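A quick write-up on the structure given underneath.
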Amino acid sequence: MDECDRVPVRTPGGTDAARSVELVVYGPIVQGDIPGLCTRVRSLFRNGTEQVVCDVGDITEPDIVTLDALARLQLAARRRGCRVVLRHAGVDLLELLDAAGLGEIVPLAE
């Protein structure tokens, strides 16, 4: 099973529901998961979504592959004039993002 099969998508309620979707990402992410995950995110932006909120609460042991995946997701979003934000990021992931200089590149959901 690749990452694309393990990533449920749901639309949050509220006034921004038409422009934002939530993507639950289960860990650990392996290198082979990244293409499918990026394809999934790109397909969401084709449907009028402006923002993908990635719920990364299940990623308890982030590593360089996790950083690579999140950076690639943000790149795919920015190429379409959209963005990816993180929700439920753990302390380890936040520290790793900051240490790699990606803390501002992959922001937290408000």
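Given the structure is predicted, the values throughout are model-derived calculations rather than measurements.
Side-chain atoms of Ile29 and Ile59, non-hydrogen and from C-beta on, do get closer than 4.5 Å to each other. The shortest side-chain heavy-atom distance between Val85 and Leu108 does not fall under the 4.5 Å cut-off. At least one side-chain heavy atom of Leu70 sits under 4.5 Å from a side-chain heavy atom of Leu93. In this structure the side chain of Leu96 never reaches within 4.5 angstrom of the side chain of Asp92, judged on heavy atoms. Using a 4.5 Å heavy-atom cutoff, the side chains of Val65 and Asp33 are not in contact. The side-chain heavy atoms of Leu94 and Val91, taken from C-beta on, include no pair separated by under 4.5 Å. Gln74 has its side chain within reach of Arg83: a pair of non-hydrogen atoms, C-beta onward, lies under 4.5 Å apart.
Distance check: Glu50 CD to Phe45 CZ gives 9.5 Å after rounding to the nearest 0.5 Å.
Across all non-hydrogen atoms, the minimal contact from Pro107 to Val84 is CD-O, 3.6 Å. Cys54 and Leu73 make their closest contact through SG-CD1, 4.2 Å (heavy atoms, listed as atom of the first residue, atom of the second, distance).
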What do the steps show when you test Leu23 against Val41 for side-chain contact (heavy atoms from CB on, under 4.5 Å), and what is the final call?
CA-CA 8 Å; Leu23 190 69; Val41 167; 3.5 Å; yes

Stepwise side-chain contact (heavy atoms from CB on, under 4.5 Å) check, Leu67 with Leu97:
CA-CA 7 Å; Leu67 294 181; Leu97 284 165; 3.5 Å; yes

When you look at Glu22 and Arg87, which way does the side-chain contact (heavy atoms from CB on, under 4.5 Å) test go after all the steps?
CA-CA 9 Å; Glu22 183 174 294; Arg87 178 176 288 147; 2.5 Å; yes

Start with the C-alpha distance between Val52 and Cys82, add both sets of side-chain angles, then the distance that settles side-chain contact (heavy atoms from CB on, under 4.5 Å), and finish with yes or no.
CA-CA 8 Å; Val52 171; Cys82 306; over 6 Å; no

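Between the side chains of Arg40 and Ser43, no donor N or O sits under 3.5 Å from an acceptor N or O.
Leu75 and Val53 end up in different hydrophobic clusters when Ile, Leu, Val, Met, Phe, Trp and Tyr side chains are linked at under 4.5 Å.
Identified under the side chain to side chain donor-acceptor pair (under 3.5 Å) test for residues 61-72, with sequence neighbours left out: Gln31-Asp68, Asp63-Thr66, Asp68-Arg72.
Looking at Thr49, its side chain never comes within 3.5 Å of a backbone N or O of Ser20 through a donor-acceptor pair. Of the possible donor and acceptor atoms, one in the side chain of Asp58 sits under 3.5 Å from a partner among the backbone N and O of Gly27.
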